[in-house]
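Submitted below is the structure of interest, expressed as structure tokens.
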Amino acid sequence: MKATVLAVAVLVASTQAFTFIAPMQARSVGRSSALRMADVVDTLAELQGPVLYWGSFGVSLGHEENDIKGYDNFTKFSKALADTGVAKELKSGGPYTIFAPTDNAVDDFQGELTAAIVKNHIHEGKLTLNGITDDVTTMSGKLTYGRRFRKTFLDEAKVGIISEGASCGQTYPADVAADNGIIHAINAVLEC
Ligand SMILES: *[C@@H]1O[C@H](CO)[C@@H](O)[C@H](O)[C@H]1NC(C)=O
């Protein structure tokens with residue numbers, strides 16, 4: 001009983017602390033697309049990816065081409081993090097930078113997401129999207145930096161694509177802040 005009362009008290013206290021702190025943190029992270037109080041693993045599991053539109057296929061089903069069909073989330077890469085045991089490492093320590101392929105990117109890859117490949121998506125340290133200006137070392141290799149069409153590339157993957165206003169443009173989230181790191185969506189699996 002005492003424990004319950006204490007837990008409630010802690011919960012109330014931490015909720016109040018959060019309410020108080022959140023506006024200051026929101027300012028300090030600047031362009032960050034989301035503020036979450038969770039580690040990188042849990043943040044990624046909850047993250048909404050680029051929007052998927054019905055496209056011309058949807059018209060025969062009664063949709064407009066630019067009706068939203070769903071979101072290309074990070075469920076498959078999150079599962080690979082868990083299955084390979086890499087998620088456990090990321091639950092503590094940090095900061096980490098995760099380059100997270102969307103579910104469609106994992107489908108395109110077709111191969112198996114081994115621990116080595118999963119670790120090739122993780123940099124030990126914090127890199128904002130604008131802070132990526134050179135090759136990036138990962139937990140299992142190195143990614144080659146490129147800048148093409150005013151976009152940041154690592155190997156063949158585009159990092160954090162910001163829509164340029166077209167109604168069907170896609171936005172891949174970047175600079176998503178977590179307690180112990182930062183996440184950028186990418187559109188291809190990074191082989192090593
Ligand atoms: C994608 O993530 C969002 C936010 O968590 C969720 O609302 C949505 O249902 C997810 N979509 C799919 C297809 O999993």
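For ligands, and for the atoms within them, numbers begin at 1 and follow the listed sequence.
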* Do Thr144 and Asp135 get their side chains close enough for a donor-acceptor pair, meaning under 3.5 Å? ->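 No.
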
* Asked: Same cluster for Leu44 and Met139 if Ile/Leu/Val/Met/Phe/Trp/Tyr side chains link at under 4.5 Å?
  ->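 In one cluster: yes.
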
* Asked: Any idea which protein heavy atom is nearest atom 7 (O) of ligand 1, and the distance to it?
  ->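 Here the nearest protein heavy atom works out to Gln48 OE1, 4.5 Å.
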
* Asked: Can you say whether the rings of His121 and Phe77 are parallel (under 30°), tilted (30 to 60°) or perpendicular (over 60°)?
  ->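 Ring orientation, 0 to 90° scale: tilted.
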
* **Asp175/Thr128 under side-chain hydrogen bond (donor to acceptor under 3.5 Å, both in side chains): CA gap, chis, key distance, verdict** => CA-CA 6 Å; Asp175 293 332; Thr128 62; 4.8 Å; no

* Return yes when atom NZ of Lys91 has more than 12 non-hydrogen atoms of other residues, nucleotides or ligands closer than 6.0 Å, and no otherwise. =>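 For Lys91, atom NZ is crowded (more than 12 foreign heavy atoms under 6.0 Å).
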
* From atom 1 (C) of ligand 1, work out which of Thr75, Asn73, Asp103, Asp72 has a heavy atom at the shortest distance. =>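 Among Thr75, Asn73, Asp103, Asp72, the closest heavy atom to atom 1 (C) of ligand 1 comes from Asn73.
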
* **Protein heavy atom at shortest distance from atom 13 (C) of ligand 1** =>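 The closest heavy atom on the protein side is Tyr71 O, 3.6 Å.
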
* Distance flag for atom 11 (N) of ligand 1, protein heavy atom under 4.0 Å ->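 Protein heavy atoms within 4.0 Å of atom 11 (N) of ligand 1 - there is at least one.
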
* Can you tell me which residue and heavy atom of the protein come closest to atom 5 (O) of ligand 1, and the distance to 0.1 Å? ->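 Ranking protein heavy atoms by distance from atom 5 (O) of ligand 1, first comes Glu46 O, 3.0 Å.
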
